[in-house]
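Values reported hereafter were calculated over all heavy atoms of this structure, with side chains retained and with hydrogens, waters and symmetry mates removed. Chain identifiers are assigned alphabetically (A, B, ...) following the order of the sequence lines, protein sequences preceding nucleic acid strands; residue numbering begins at 1 within each chain. The structure presented is a predicted model; accordingly, all values stated were derived computationally and were not measured.
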There are 2 protein chains.
Amino acid sequence: MKIDPKSSGDLSAQIATAIKDAIVSGVLNIDERLPSEAELADHFQVSRPTVREALKRLAAQALIRTQRGASGGAFVNRLSFEDAYAQQITTSTLLLSMNEVSFETACEARYALERACAPLSADRRTADHLATMRAEIFRQSQPGLTDEAFCASDVAFHRALVDGAANPVLSYQLAGAVEAMQPLMNIITFTARDRAQIVDLHSEIADAIENCDGAAAITGLTDLENETLRLAQNVFAARSAKS
Amino acid sequence: MKIDPKSSGDLSAQIATAIKDAIVSGVLNIDERLPSEAELADHFQVSRPTVREALKRLAAQALIRTQRGASGGAFVNRLSFEDAYAQQITTSTLLLSMNEVSFETACEARYALERACAPLSADRRTADHLATMRAEIFRQSQPGLTDEAFCASDVAFHRALVDGAANPVLSYQLAGAVEAMQPLMNIITFTARDRAQIVDLHSEIADAIENCDGAAAITGLTDLENETLRLAQNVFAARSAKS
DNA sequence: CATTTCTCAAATGTAAGACAATTACCTCGC
DNA sequence: GCGAGGTAATTGTCTTACATTTGAGAAATG
């Protein structure tokens with residue numbers, strides 16, 4: 001399983017890679033126990049702290065979990081969709097915030113992906129998904145809502161739309177695209193009129209999904225994308241005019 | 001910046017979270033140097049190995065990079081699209097291999113997402129993208145190709161298609177969906193006739209992209225999805241008949 | 001005999017100190 | 001002025017030790 005080829009980087013990185021390869025290639029199966037830290041240290045001819053650093057690298061990626069006590073140790077972790085969601089969201093968020101991705105680019109990607117889900121969601125949505133969408137629409141129409149809460153509700157609405165497709169792989173992929181947009185959306189300060197328009201479009205989309213009309217849902221999403229872009233342009237124009 | 005709230009988990013996990021929050025919230029900027037390990041240990045009132053384990057967790061997520069020597073240390077890393085690609089691909093691959101995702105579900109997600117890129121790619125593809133697609137099509141028509149090489153070329157073809165959309169966020173999202181499918185595709189042993197059909201569909205898609213015809217590209221992708229599903233069903237039927 | 005409690009061993013979690021390796025910076029000699 | 005070498009700072013690694021948790025078996029007790 002565990003040869004350590006003379007590659008580059010720290011020892012802990014090399015060991016982490018070796019173990020990761022063993023997991024990916026199936027040498028180590030799910031829920032199988034890894035050798036103890038002392039045994040690994042002996043095997044790789046390094047000290048225990050070095051092994052521990054390697055294990056922490058893997059734990060950070062949710063590849064293993066550790067348990068203390070007798071018959072404890074490190075176990076290969078089944079990567080759950082929830083773990084993957086979380087990783088996706090933080091990675092996507094950082095990617096957008098650190099790389100000066102234009103609002104247009106991020107928006108385009110998000111709505112392109114959402115439109116991909118729309119026909120499936122129109123086919124398969126359950127009453128539960130519809131109820132969530134309607135509830136978020138209602139919340140969004142409440143006047144006292146802060147901008148942050150409005151955006152959070154927006155995310156919840158779109159999550160329900162995506163989850164309606166009943167395809168966990170799609171949900172996983174979209175989680176990053178939808179949630180990572182929230183910080184960008186938060187910079188738009190919505191006027192009452194803006195919100196009303198968005199809520200109307202949300203209702204239009206929800207209607208289309210309820211009527212199992214995928215094409216109408218796509219149209220609604222496209223309209224929403226254009227509206228979002230228009231609002232963003234206003235904000236950016238006002239900002240550059242001020243400076 | 002760095003308070004350590006009484007949360008759960010190991011000390012190293014808590015410290016890693018604290019630093020990550022500082023990065024995400026902007027307290028630490030890109031390329032800014034973190035305090036030295038000794039200073040962090042002093043600040044958090046833990047030992048240096050514990051701090052190191054926390055830093056390794058962050059390094060595993062490409063959030064920081066470290067440098068030895070005087071004026072070395074840990075620096076906030078700009079999360080590049082390439083780093084994010086790599087993370088996405090390994091996460092997606094493990095997610096599919098560890099969760100008994102059906103071939104149909106993965107296939108549906110992949111082609112739904114690709115169809116989302118098709119119109120954009122038809123609009124924006126460069127000669128370079130087209131050339132890559134044609135070259136991969138040519139390679140796929142060579143008779144001596146192994147199944148693995150055929151699948152790898154398939155991935156390269158679809159990557160070019162996706163990259164043609166000229167939207168790095170889309171490329172990032174799709175990288176996982178496309179590449180993670182490869183292990184699943186590899187279980188299909190293609191006959192010569194299968195390959196010819198797939199190559200024809202690839203050509204059809206490339207033609208559509210060349211002619212800036214997004215609708216035709218979507219049609220071609222849908223046909224390819226159906227063909228892929230048909231092949232997979234044959235394989236699964238043959239397999240269950242044998243057992 | 002059943003049940004509770006104790007103790008022990010194994011494993012991870014944490015700490016402290018030391019040394020090696022690397023690298024920027026400073027000083028000194030020319 | 002400039003190059004060579006030394007020096008300090010910092011990460012990388014090793015060693016040793018102790019603390020904490022947890023399961024399992026032994027022992028005590030009803």
Check whether any side-chain N or O of [X] sits under 4.0 Å from OP1 or OP2 of [N], and answer yes or no.
X: B:Thr50; N: C:dA15; answer: yes
X: A:Ser71; N: D:dG23; answer: no
X: B:Arg33; N: D:dT10; answer: yes

Cation-aromatic face contact A:Arg159/A:Tyr85, 6.0 Å, 45 degrees: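 A:Arg159 over A:Tyr85 ring: yes.
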Counting side-chain heavy atoms from CB outward, which of [options] is closest to [X]?
X: A:Leu11; options: C:dT12, D:dT13, C:dT23; answer: D:dT13
X: B:Thr66; options: D:dT11, C:dT12, C:dA15; answer: D:dT11
X: B:Ala70; options: C:dA15, C:dA24, C:dA11; answer: C:dA24
X: B:Asp10; options: C:dG13, D:dT13, D:dT15; answer: C:dG13
X: A:Ser12; options: D:dT13, C:dA15, D:dT11; answer: D:dT13

Can you find a donor-acceptor pair, distance only, under 3.5 Å between A:Arg52 side chain and C:dT14 base?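 No, no donor-acceptor pair under 3.5 Å.
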What about A:Arg48: does its side chain form a donor-acceptor pair under 3.5 Å with the base of C:dG13?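 Answer yes: a donor N or O sits under 3.5 Å from an acceptor.
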Need to verify one output field. Residue with the more 5' nearest nucleotide on DNA chain D, B:Glu39 or B:Pro49?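 That would be B:Glu39.
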Starting at the 5' end of DNA chain D and moving along, which residue's nearest nucleotide shows up first, B:Ala38 or A:Gln67?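 Closest to the 5' end, via its nearest nucleotide, is B:Ala38.
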Ion pair check, A:Arg57 and A:Glu53, cut-off under 4.0 Å: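 No salt bridge links A:Arg57 with A:Glu53.
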Side-chain contact, heavy-atom cut-off 4.5 Å: A:Leu174 with B:Leu113?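 Yes - at least one pair of side-chain heavy atoms lies under 4.5 Å apart.
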